[in-house]
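Here's the structure, in structure tokens; my notes come after.
In listed order, ligands and their atoms are each counted from 1.
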Amino acid sequence: MSNVSNEEIQKFNDQDWWNTEGELKTLHDINPTRFEFMEDCVELAGKKALDIGCGGGIISEGLAHRHAKVTGIDMAPNAIEVANHHAKSHHLEIDYQVITAEEFAKDHIEKFDVITCLEMLEHVPTPSSVIKAASDMLKPGGSIFFSTINRTFKAKSLAVFAAENVLRIVPKGTHDYNKFITPLELYEMCEAYGLTVKRIQGMSYNPFNRVAGLTDDVSMNYLVYATKDRI
Ligand code: SAH
């Protein structure tokens, strides 16, 4: 059985990915902060990068703009079509494929210098399986980034209830609180698959002025930077 929830894929398949005022606007709003974190951890230029759960390509294009050689994978075919079209019309060369991380890992063992898997783990049935596949695909000495939402009461009240029903900044039904992952759980999954966690950092988001930032508070969204040791 594949590690894919069709219900989750449906939520993202027909999104207006590049509309910065649309349903996925928060992904655009937090993007500079995600890159601020990643660029603080690793040089992206010239790296072979894989973006797992790339959707319409918001992160993949950010990586390509920073001169990484990018592959983006996602199980939503229409999102990949949007990603392909957008990259071409912006003269960016990105290899997009409709495939799971687990399947792609079979013939891409230790092929990537940098792997990003942002806002994706909370949408898959078994996140540890994606982390294992990602670790397998990372070169020794490589860098990997995850981001997700912590399973706290605050995240349940704000990131799910208020965001979907009051502020209406994310589409209804986007997030299931029970699928959120604590930083300790993510830390343990990384370490279990040979990754060394170097940094865990909270990400704040103000829905009123739409400004995101890095914070020490990991009670809602957070980012993880890990590396794979050279043997
Ligand atoms: N990483 C992007 C998009 C996040 S939305 C960004 O942060 O901007 C979550 C994405 O994960 C969606 O595009 C969805 O289709 C994808 N996804 C969910 N389950 C998946 C799976 N099992 N394999 C690959 N992609 C998946």
**Request:** Return the residue, atom name and 0.1 Å-rounded distance of the protein heavy atom closest to atom 9 (C) of ligand 1.
**Result:** E119 O, 3.4 Å
**Message:** Considering both backbone and side-chain atoms of G53, is one of its nitrogen or oxygen atoms within less than 3.5 Å of a nitrogen or oxygen in ligand 1?
**Reply:** yes
**Prompt:** Considering only protein heavy atoms, which is closest to atom 23 (N) of ligand 1, and at what distance to one decimal place?
**Reply:** M75 CG, 3.5 Å
**Request:** May I ask you to list the atoms of ligand 1 that are less than 4.0 angstrom from any heavy atom of A76?
**Result:** 15 (O)
**Asked** Non-hydrogen atoms of K11 versus ligand 1: any pair closer than 4.0 Å?
**Response** no
**Request:** Take every heavy atom of W17, measure it against each atom of ligand 1, and state whether any distance is under 4.0 Å.
**Result:** yes
**Request:** Look at atom 21 (C) of ligand 1 and find which of Q15, M120, E103, E122 reaches it with the closest heavy atom.
**Result:** M120
**Sequence-distant partners of V211, side-chain contact (heavy atoms from CB on, under 4.5 Å), two or more places apart** = N209
**Item:** Heavy atom of the protein closest to atom 17 (N) of ligand 1 (residue, atom name, distance)
**Value:** I9 CD1, 3.8 Å
**Request:** Return the set of residues passing ring pair (Phe, Tyr, Trp, His ring centres under 6.0 Å) with F180 (not counting sequence neighbours), or none when no residue passes.
**Result:** H175
**Request:** Decide whether the shortest distance between a heavy atom of E8 and an atom of ligand 1 is less than 4.0 Å.
**Result:** no
**Item:** Polar contact flag, side-chain donor to acceptor under 3.5 angstrom, N150-Y222
**Value:** no
**Item:** Numbered atoms of ligand 1 (with element) below 4.0 Å of G55, judged on heavy atoms
**Value:** 13 (O)
**Message:** With rounding to the nearest 0.5 angstrom, report the CD1 to CD distance, I80 to Q97.
**Reply:** 8.5 Å
**Asked** To the nearest 0.1 Å, how far is atom 5 (S) of ligand 1 from its closest protein heavy atom, and which atom is that?
**Response** F12 CE2, 3.4 Å
**Item:** Options I59, I30, D74, ranked by nearest heavy atom to atom 16 (C) of ligand 1, top entry
**Value:** D74
**Item:** For D40 against R199, the heavy-atom pair lying closest together
**Value:** OD2-NH1, 2.9 Å
**The single option from I30, D51, N31 passing side-chain contact (heavy atoms from CB on, under 4.5 Å) against I58** = N31
**Message:** List ligand 1 atoms under 4.0 Å from N3, heavy atoms only on the residue side.
**Reply:** 22 (N)
**Request:** Please could you name the atoms of ligand 1 that V4 approaches to less than 4.0 Å, counting only its heavy atoms?
**Result:** 22 (N)
**Prompt:** For ligand 1, is any non-hydrogen atom under 4.0 Å from L27's backbone (N, CA, C, O), its side chain (CB onward), both, or neither?
**Reply:** side chain
**Request:** Run the numbers on D136 and K132 for salt bridge (charged side-chain N to carboxylate O under 4.0 Å, His left out), then give the verdict.
**Result:** CA-CA 6 Å; D136 288 346; K132 181 189 184 305; 2.8 Å; yes
**Request:** State whether K69 and D95 are salt-bridged, where the test is any N-O pair (Lys NZ or Arg NE/NH1/NH2 against Asp/Glu carboxylate O) under 4.0 Å.
**Result:** no
**Request:** Number the atoms of ligand 1 from 1 as they appear, then name those within less than 4.0 Å of a heavy atom of V124, with their elements.
**Result:** 19 (N), 20 (C), 21 (C), 22 (N)
**Asked** For L118 and ligand 1, does the shortest N/O to N/O distance drop below 3.5 Å?
**Response** yes
**Prompt:** Is any NZ, NE, NH1 or NH2 atom of the basic residue among R66 and E43 found under 4.0 Å from an Asp or Glu carboxylate oxygen of the other?
**Reply:** no
**Item:** Salt bridge K156-D176, side-chain N to carboxylate O under 4.0 Å
**Value:** no
**Request:** Would you mind checking which non-hydrogen protein atom is closest to atom 8 (O) of ligand 1, with the distance to 0.1 Å?
**Result:** R34 NH2, 3.2 Å
**Prompt:** Can we say D113 and K48 salt-bridge, meaning some charged N sits less than 4.0 Å from an Asp/Glu carboxylate O?
**Reply:** no
